[in-house]
Amino acid sequence: MKILILIPVRMASTRFPNKPMALIAGKPMVQRVWEQAVLSNLGEVIVACSEIEVHNHITSLGGKAEMTDPNLPSGTDRIFEAINNYSNISHYDSIINLQGDMPIINPEDIEKANIPLQQGFDMGTLVTELTKDQSTDINVTKAKIEWINQHKIGKALDFGKNILDLNGSNIYHHVGIYSFRYETLKKFISMVPSNNEIKRKLEQLRALDAKMTIGVSYVKDVPISVDTKKDLLKVEKIIKSL
């Protein structure tokens, strides 16, 4: 597959301002995410950012960064703007949206986001086990899955932050990484947010409400993403123990 990885970041997070440049064991978080993406050896890696500070840091490392409108509503809009001027973008088999708050994502897990596309789904993503503590944590996005091949490939039926919104069993921790074909990404961006998306504040619900299929790959022991300064300290402790 011809693959392009994009990492959307912005400094104006309400819960954690300046998060992309927050230091984790001496390195800015965005640098650690970029390094893991490069280690995956899947293809070109681009940081889609809205601040010159991030752009200059990534390019100083020899990486590629694209400036985007700071007023864009989501990371998906940001990656679409970053690639919109690529003359050969339709030649890519997969465009991966890797969230900028996953500094210790396993490079091999990034590749697994492509498996659903190879199985014919419109979009691909990852899930892992949901712990007891995470089940009641509204900062953790959950996914309801119908497994096609137990713990290898499945179909996402619903997403929510409150587990009470997801009835029944087969509820997993959603890992914030997506794979798209270009035409799927273009279609997704063209649609207005759905009622479910607005209510639950999860843009993947726009796709499900539009009858787009989201396939999932299961991964084991995915490290935490950094949503708060407390999370950052946890990740830093993990890195220092390696």
Just do the side chain to side chain contact (heavy atoms under 4.5 Å, CB included) check on Ile104 and Arg32 with the steps written out, would you?
-> CA-CA 7 Å; Ile104 48 178; Arg32 290 193 174 275; 5.9 Å; no

For the pair Leu6 and Ile96, evaluate side chain to side chain contact (heavy atoms under 4.5 Å, CB included) and give the outcome as yes or no after the intermediate values.
-> CA-CA 6 Å; Leu6 288 109; Ile96 293 179; over 6 Å; no

For side chain to side chain contact (heavy atoms under 4.5 Å, CB included), just list the numbers for Trp147 and Val216, CA-CA rounded to whole Å, side-chain angles, deciding distance to a tenth of an Å, and then say yes or no.
-> CA-CA 9 Å; Trp147 291 109; Val216 299; 4.2 Å; yes

Hey, mind stepping through Thr184 and Leu117 against side chain to side chain contact (heavy atoms under 4.5 Å, CB included) and telling me if it holds?
-> CA-CA 11 Å; Thr184 302; Leu117 295 188; over 6 Å; no

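Linking ILVMFWY residues whenever their side-chain heavy atoms come closer than 4.5 Å, directly or via other members, leaves Tyr86 and Ile5 in distinct clusters. Val9 and Ile83 fall into different hydrophobic clusters, where Ile, Leu, Val, Met, Phe, Trp and Tyr residues are linked whenever their side-chain heavy atoms come under 4.5 Å apart, directly or through other members. With hydrophobic clusters built from ILVMFWY side chains whose heavy atoms lie under 4.5 angstrom apart, Ile7 does not share a cluster with Met123. Cluster annotation: Ile79 is not connected to Met102 through the hydrophobic network of ILVMFWY side chains, with a link wherever side-chain heavy atoms come within less than 4.5 Å. Hydrophobic cluster membership is shared by Trp34 and Val175, with clusters built from Ile, Leu, Val, Met, Phe, Trp and Tyr side chains linked at under 4.5 angstrom.
Counting all heavy atoms, side chain and backbone alike, Ala156 lies closest to Leu208 at O-CD2, 3.8 Å. Taking each heavy atom of Ser50 and Arg10 in turn, the nearest pair found is OG-CB, 3.9 Å. Val226 approaches Asp231 most closely through the heavy-atom pair CA-CB, 3.8 Å. Taking every heavy atom of both residues into account, Val38 and Val45 meet most closely at N-CG2, 4.0 Å. Contact between Lys142 and Val140 at its shortest, heavy atoms only, is NZ-O, 2.9 Å. Minimum interatomic distance between Arg200 and Phe159 (heavy atoms only, all atoms of both residues): NH1-O, 2.6 Å.
Crowding of Asn41 atom CG: a count of heavy atoms from other residues, nucleotides or ligands under 6.0 Å not exceeding 12. With a 6.0 Å radius and a threshold of 12 heavy atoms from other residues, nucleotides or ligands, Lys2 has its NZ atom above the threshold.
Between Glu129 and His173 there is no side-chain heavy-atom pair separated by less than 4.5 Å. Looking at heavy atoms from C-beta onward, Ser94 lies out of side-chain contact with Leu4 at the 4.5 angstrom threshold. Between Leu126 and Asp109 there is a side-chain heavy-atom pair separated by less than 4.5 Å. Within the 4.5 Å cutoff, the side chain of Glu35 has heavy atoms near those of the Lys27 side chain. Here the side chains of Thr76 and Leu185 are in contact, with some heavy-atom distance below 4.5 Å. Using a 4.5 Å cut-off on side-chain heavy atoms (C-beta onward), Ser179 and Ile95 make no contact. Side-chain contact check for Tyr172 versus Asn170: some heavy-atom pair is nearer than 4.5 Å. Two residues are said to be in side-chain contact when any heavy atoms from C-beta on lie closer than 4.5 Å; Ile177 and Leu98 meet this criterion.
A donor atom on one side chain and an acceptor atom on the other are not found under 3.5 Å apart for Asn139 and Asp227. Inspection of the Ser40 and Glu111 side chains reveals no N or O donor paired with an N or O acceptor under 3.5 Å. A side-chain donor-acceptor contact under 3.5 Å links Thr213 and Asp122. If you check the side chains of Gln31 and His57, you find a donor sitting under 3.5 Å from an acceptor. At a cut-off of 3.5 Å, with distance as the only test, no side-chain donor of Asn195 or Glu197 sits close to an acceptor on the other residue. Side-chain polar atoms of Glu183 and Ser90 form no donor-acceptor pair below 3.5 angstrom.
Taking a cutoff of 4.0 Å between a charged side-chain nitrogen and a carboxylate oxygen, Glu44 and Lys64 qualify as a salt bridge.
Side chain of Lys144 to main chain of Ser169: a donor-acceptor pair is present (N/O by atom type, distance under 3.5 Å, no hydrogens or angles). Remark: side-chain polar atoms of Glu51 are paired, donor with acceptor, to backbone N or O of Met11 under 3.5 angstrom. Side-chain atoms of Thr59 come within 3.5 Å of backbone atoms of His55 as a donor-acceptor pair (strictly under, hydrogens ignored).
The distance from atom CG of Asn167 to atom CG of Leu157, rounded to the nearest 0.5 Å, is 11.5 Å. Ser135 OG to Ile138 CD1: the interatomic distance, rounded to the nearest 0.5 Å, is 13.0 Å. Residue Asn196 holds its CG atom at 4.5 Å from CG of Asp209, rounded to the nearest 0.5 Å. Atom CD1 of residue Ile89 and atom CZ of residue Phe80 lie 9.0 Å apart, to the nearest 0.5 angstrom. With rounding to the nearest 0.5 angstrom, the CG atom of Asp137 is 14.5 Å from the NZ atom of Lys132. For the atom pair CG (Leu42) and CG (Asn114), the distance works out to 6.5 Å, reported to the nearest 0.5 Å.
Judged by the 6.0 Å distance and 45° axis criteria, Arg206 is positioned over the aromatic ring of Phe188.
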Quiz: residues 232-242 side-chain donor-acceptor pairs under 3.5 angstrom, not counting sequence neighbours:
unit_1, atom_1, unit_2, atom_2, d
Glu236, OE2, Ala25, N, 2.7
Ser241, OG, Ile238, O, 2.6

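Remark: Tyr178 engages His174 in a ring pair (Phe, Tyr, Trp, His ring centres under 6.0 Å) (not counting sequence neighbours).
A salt bridge (Lys or Arg N to Asp or Glu O under 4.0 Å) check over residues 76-96, counting only residues at least two apart or in different chains, returns nothing.
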